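Here's the structure we're looking at; comments come further down.
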Amino acid sequence: MASARAMAQDEHHFVLKSGHAIPAVGLGTWRAGSDTAHSVQTAITEVYSAYLPYLAIYMRRSVQHTNQVAMANKPILSVFANNLIVNHLQAGYRHVDTAAQYGIEQEVGKGLKAAMEAGINRKDLFVTSKIWCTNLVPERVRPALKNTLKDLQLDYIDLYLIHWPFRLKDGAHQPPEAGEVLEFDMEGVWREMERLVTDGLVKDIGVCNFSVTKLNRLLQSANIPPAMEMHPGWKNNKIFEACKKHGIHVTAYSPLGSSEKNLAHDPVVEKIANKLKKTPGQVLIKWALQRGTSVIPKSTKDERIKENMQVFGWEIPEEDFQVLCGIKDEKRVLTGEELFVNKTHGPYKSASEVWDNED
Ligand code: NDP
Ligand code: 1BO
């Protein structure tokens, strides 16, 4: 598969079908726990101190240069400094991915509020959330979104996703007991989500964890930006190709292989990282970007939050990109088994069935 940089509007954004831009890298928040508010605020507003010494050196050099050569060159100093400041500001995260089911939307809301109080404009942020399976009935869609908005302290969000395409009964167990996993009214729920867009509560809507079969069903009545698990250890090519065919943008979740299959220690990834003088995390994130997906790595560690954003201004050479594409033993991390499989009573008796036997 060839690198797909051409799909991006610029290095920092991709464009959704609606024409809205989605930041290429966002902050994941699943299992971010009690550090969430701090992580969100840090990701958005952190001053990337690594840039400051360079700024000082360049300014000093420019001053020497202007003094020595000609006063007419003085504007170089301010242009140079301004460019550095612009690059520096662009290093901050502007996209946060969360979900009602993560149980941390209030914390995310606190982090967003702190970032906005520090001077970040709401319109420059891109906030994604997801409707949970217990609310996948048309009459619950709007109240679920309203609850999310209240917790996030926002009056709209940028992207609202169906988290998984199965309805769960309130209080469903993990794994589910008989009768707790239900088919959902996909078209009815989608119509309600479209109304949220019409009413200005949500800018874009989309889906997660859809098989090609389910995507094709929904596409009979919708255009959507889905989010799917994607990393070199699970390229998820079938759904990726189906989305490409329909011009649908994909966000790669668990881009590092999540905590269960963290690919930062994969020898192939490590070797390429050493060669490129980048970290394994940066190589995995860059691989996803060059493939044409936006990406939402999660970290609660300040250093990694910064590291994961320093993926612009360089490329993985095509030969290394292809080596990463060739990593074997592909497997999903998130099979949905714990959430939706009841081996005795069904309706899904195996993880394969959850994915319409497409894996
Ligand atoms: P990731 O692939 O982002 O991996 C997160 C793990 O990698 C954590 O253990 C983290 O630890 C560690 N990590 C972070 N940065 C680095 C680095 N530079 N080097 C090495 N290790 C690192 O997994 P997630 O499953 O969290 O996926 C990302 C986000 O995608 C989620 O948080 C969520 O927002 C979204 N998502 C959406 C789903 C959906 O159904 N729509 C499903 C799954 C995820 P630490 O925090 O200690 O740094
Ligand atoms: C159960 C939630 C999986 C991460 O989105």
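Computed from a predicted structure; not experimentally measured. Note that ligands are numbered from 1 as they come in the structure, with each ligand's atoms numbered from 1 the same way. FYI, the numbering just counts along the sequence from 1.
The residue Tyr253 has no part lying near ligand 2, judged by heavy-atom distances below 4.0 Å. Only the side chain of Asn262 comes within contact range of ligand 1, with a heavy atom under 4.0 Å; no backbone atom does. At a heavy-atom cutoff of 4.0 Å, ligand 1 is contacted by the side chain of Asn308 but not by its backbone. Proximity of Ser258 to ligand 1, defined as any heavy-atom pair under 4.0 Å, is shared by backbone and side chain alike. Within the 4.0 Å heavy-atom criterion, both parts of Ser254, backbone and side chain, lie near ligand 1.
Closest protein heavy atom to atom 11 (O) of ligand 1: Arg304 NH1, 3.2 Å. Ranking the protein heavy atoms by distance from atom 2 (O) of ligand 1 puts Leu256 N, 2.7 Å first. Here the heavy atom of the protein found nearest to atom 41 (N) of ligand 1 is Cys208 SG, 3.2 Å. Among protein heavy atoms, atom 34 (O) of ligand 1 sits closest to Asp97 OD1, 2.6 Å. The single protein non-hydrogen atom nearest to atom 2 (C) of ligand 2 is His163 NE2, 3.7 Å, given as residue, atom name and distance. For atom 9 (O) of ligand 1, the closest non-hydrogen atom of the protein is Ser259 CB, 3.4 Å. At the top of the distance list for atom 40 (O) of ligand 1, counting protein heavy atoms only, stands Asn209 ND2, 2.9 Å. The protein heavy-atom contact nearest to atom 29 (C) of ligand 1 is Ile296 O, 3.1 Å.
Heavy atoms of other residues, nucleotides or ligands lying less than 6.0 angstrom from NZ of Lys113 number 12 at most. With a 6.0 Å radius and a threshold of 12 heavy atoms from other residues, nucleotides or ligands, Arg122 has its CZ atom above the threshold.
Closest to atom 30 (O) of ligand 1 by heavy atom, among Tyr253, Trp30, Tyr102, Trp164, is Tyr253. One option in Tyr102, Trp164, Trp132 has a heavy atom closer to atom 5 (O) of ligand 2 than any other, and that option is Tyr102. Looking at Lys301, His231, Lys298 and measuring to atom 14 (C) of ligand 1, the nearest heavy atom belongs to Lys298.
The distance criterion of under 3.5 Å between nitrogen or oxygen atoms is not met by Lys130 with respect to ligand 2. Checking only distances, Arg31 never comes within under 3.5 Å of ligand 1, N or O to N or O. At under 3.5 Å, not a single nitrogen or oxygen of Trp30, backbone or side chain, sits near a nitrogen or oxygen of ligand 2.
A heavy-atom separation below 4.0 Å is found between Lys130 and ligand 1. In this structure, Thr279 has no heavy atom closer than 4.0 Å to ligand 1.
Trp287 and Leu324 make their closest contact through CD1-CB, 3.5 Å (heavy atoms, listed as atom of the first residue, atom of the second, distance). Pairing each heavy atom of Phe321 with each of Gln290, the nearest pair is CE1-CB, 3.7 Å.
No side-chain donor-acceptor contact under 3.5 Å links Arg94 to the backbone of Pro23. Counting only distance, with no hydrogens or angles, the side chain of Asp185 and the backbone of Gly188 share a donor-acceptor pair below 3.5 Å.
To the nearest 0.5 Å, the span separating NE2 on His163 from CG on Leu168 amounts to 11.5 Å.
Just one residue in the list Thr213, Leu219, Leu218 forms a side-chain contact (heavy atoms from CB on, under 4.5 Å) with Leu215, and that residue is Leu219.
Ring geometry for Phe340 versus Phe166: interplanar angle of 30 to 60°, hence tilted.
Val197 is connected to Phe126 through a chain of hydrophobic side-chain contacts under 4.5 Å among Ile, Leu, Val, Met, Phe, Trp and Tyr, so both are in one cluster.
Residues that satisfy the side chain to side chain donor-acceptor pair (under 3.5 Å) test with Thr251, not counting sequence neighbours, are Ser294.
At a threshold of 4.5 Å between non-hydrogen side-chain atoms, the residues Glu180 and Asn342 do not count as touching.
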What's the verdict on side chain to side chain contact (heavy atoms under 4.5 Å, CB included) for Val96 and Leu112, showing C-alpha distance, side-chain angles and the deciding distance?
CA-CA 9 Å; Val96 178; Leu112 292 171; 4.2 Å; yes
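Each of the atoms 46 (O) of ligand 1 lies under 4.0 Å from some heavy atom of Thr300.
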